[in-house]
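One is the number of the first residue; the rest follow in order along the sequence.
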Amino acid sequence: MVQANIGQLEIEISQRIIKLYHDRLGKPPSQIICHFFDTEIVISLEDSVTQVEQTLLKGGYDTLAEQVRLYLEKIIKSELKSLIEELIGKPILDLMTNTNLATGRTGIIVVLNQLPDVRNAESIPTREM
């Protein structure tokens, strides 16, 4: 089987996250950026806030909207972890998410123990010590 290159893997992760958000939240993000950096994957989602959350915010229920998002992220986190582990073929050490309800952006940071097996692993930026 031919190994993917890192760009193909980033695209596949992005597409699967879009599908997950669509299936679970009823709203896919309008844009997603996914990049490997050393043993981390950094993912940025635009327009990731649901209509329900937006309605709560507009109605002045900011705290409730934040609680809803917190629970949604807890629910989705295990699915995100599973789908990324499946795609990269490596275990995830940590996965952190945060959504800014005011801007509608979500950030996801995935920490890996080791890089996935790809054809062009040397193209992944690494930290200089």
Side-chain angles (χ1 to χ4, degrees):
M1 181 176 186
V2 178
Q3 290 178 324
N5 67 42
I6 202 64
Q8 292 167 327
L9 195 51
E10 291 168 341
I11 290 168
E12 182 66 23
I13 291 169
S14 297
Q15 290 172 340
R16 294 280 299 273
I17 290 174
I18 288 170
K19 183 175 178 354
L20 175 67
Y21 269 68
H22 181 268
D23 292 349
R24 296 295 178 261
L25 302 181
K27 182 186 185 316
S30 64
Q31 181 180 5
I32 184 167
I33 299 168
C34 174
H35 289 294
F36 279 81
F37 294 101
D38 202 26
T39 54
E40 295 179 354
I41 307 169
V42 178
I43 304 163
S44 173
L45 309 173
E46 296 283 334
D47 295 323
S48 61
V49 177
T50 66
Q51 188 66 43
V52 170
E53 292 165 306
Q54 291 172 15
T55 301
L56 289 170
L57 291 169
K58 287 178 186 171
Y61 296 97
D62 297 21
T63 302
L64 182 55
E66 290 169 8
Q67 288 175 332
V68 167
R69 176 46 64 159
L70 182 65
Y71 287 119
L72 289 173
E73 287 181 351
K74 282 183 179 182
I75 292 166
I76 284 183
K77 189 174 183 176
S78 65
E79 290 186 61
L80 276 171
K81 184 178 181 201
S82 294
L83 86 81
I84 294 170
E85 285 179 336
E86 175 190 327
L87 289 171
I88 66 173
K90 302 287 180 187
I92 289 175
L93 292 178
D94 201 3
L95 188 145
M96 299 157 280
T97 63
N98 189 41
T99 299
N100 183 328
L101 293 175
T103 64
R105 291 187 186 97
T106 297
I108 303 168
I109 298 174
V110 180
V111 180
L112 308 171
N113 191 29
Q114 63 186 82
L115 292 172
D117 298 323
V118 291
R119 285 193 314 244
N120 61 339
E122 72 282 349
S123 69
I124 300 171
T126 58
R127 286 179 231 161
E128 297 296 323
M129 302 265 174

(Q) Given 3.5 Å as the limit, does a donor-acceptor pair link the side chain of Asn100 with the main chain of Ala102, or not? (A)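 Checked: pair present.
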
Q) Quick check: does any side chain N or O of Lys77 sit under 3.5 Å from a backbone N or O of Leu95, one acting as donor and the other as acceptor? A)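 Looks like yes, one N/O pair under 3.5 Å.
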
Q) Yes or no on side-chain contact (heavy atoms from CB on, under 4.5 Å) for Gln15 and Glu12, after CA distance, side-chain angles and deciding distance? A) CA-CA 5 Å; Gln15 290 172 340; Glu12 182 66 23; 3.7 Å; yes

Are [Y] and [X] connected into the same hydrophobic cluster when the rule is that any two of I, L, V, M, F, W, Y join if their side-chain heavy atoms are below 4.5 Å apart?
| X | Y | answer |
| --- | --- | --- |
| Leu25 | Leu20 | yes |
| Ile76 | Val49 | no |
| Ile43 | Ile6 | yes |
| Leu64 | Leu57 | no |

Q. Can you name the salt bridge (charged side-chain N to carboxylate O under 4.0 Å, His left out) partners of Lys19, sequence neighbours left out?
A.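 If we apply the salt bridge (charged side-chain N to carboxylate O under 4.0 Å, His left out) test to Lys19, skipping adjacent residues, the hits are Asp23.
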
Q) What residues, two or more places apart in sequence or in another chain, satisfy salt bridge (charged side-chain N to carboxylate O under 4.0 Å, His left out) together with Glu46? A)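 If we apply the salt bridge (charged side-chain N to carboxylate O under 4.0 Å, His left out) test to Glu46, skipping adjacent residues, the hits are Arg105.
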
Q.
Could you walk me through whether Ile75 and Arg24 satisfy the side-chain contact (heavy atoms from CB on, under 4.5 Å) test, starting with their C-alpha distance in whole Å, then the side-chain angles of each, then the deciding distance to 0.1 Å, before giving a yes or no?
A. CA-CA 9 Å; Ile75 292 166; Arg24 296 295 178 261; 6.0 Å; no

Looking at every non-hydrogen atom in both residues, tell me the closest pair between [X] and [Y] and how far apart they are.
| X | Y | answer |
| --- | --- | --- |
| Thr97 | Glu73 | OG1-OE1, 3.4 Å |
| Tyr21 | Pro28 | CB-CA, 4.2 Å |
| Leu112 | Pro91 | CD2-O, 4.1 Å |

Q: Working to the nearest 0.5 Å, report the span between CG of Leu56 and CG of Leu101.
A: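 Leu56 CG to Leu101 CG: 9.5 Å, rounded to 0.5 Å.
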
Q: Mind checking the OG-CD spacing from Ser44 to Gln31? Nearest 0.5 Å is all I need.
A: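 Those atoms lie 7.5 Å apart.
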
Q | Members sharing Met96's hydrophobic cluster (side chains within less than 4.5 Å) | A |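 Members alongside Met96: Leu93, Ile109, Val111.
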
Q.
Go through it in stages, so that I can follow the logic: the residues are Ile13 and Glu10, the test is side-chain contact (heavy atoms from CB on, under 4.5 Å), and I'd like the CA-CA distance, side-chain angles, deciding distance and then a yes or no.
A. CA-CA 5 Å; Ile13 291 169; Glu10 291 168 341; 5.8 Å; no

Q | Thr99 and Ser48, any side-chain heavy atoms less than 4.5 Å apart | A |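 Yes, close enough: below the 4.5 Å cut-off.
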
Which donor-acceptor pairs under 3.5 Å do the side chains of residues 81-88 make with protein atoms, sequence neighbours left out?
{"unit_1": "Ser82", "atom_1": "OG", "unit_2": "Ser78", "atom_2": "O", "d": "3.1"}
{"unit_1": "Glu85", "atom_1": "OE2", "unit_2": "Ile92", "atom_2": "N", "d": "2.8"}

Q | side-chain contact (heavy atoms from CB on, under 4.5 Å) involving Val42 - partner list, sequence neighbours excluded | A |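 Val42 satisfies side-chain contact (heavy atoms from CB on, under 4.5 Å) with Phe37 once adjacent residues are dropped.
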
Q | salt bridge (Lys or Arg N to Asp or Glu O under 4.0 Å) pairs, two or more places apart, involving residues 51-62 | A |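 Qualifying pairs: Glu53-Arg69.
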
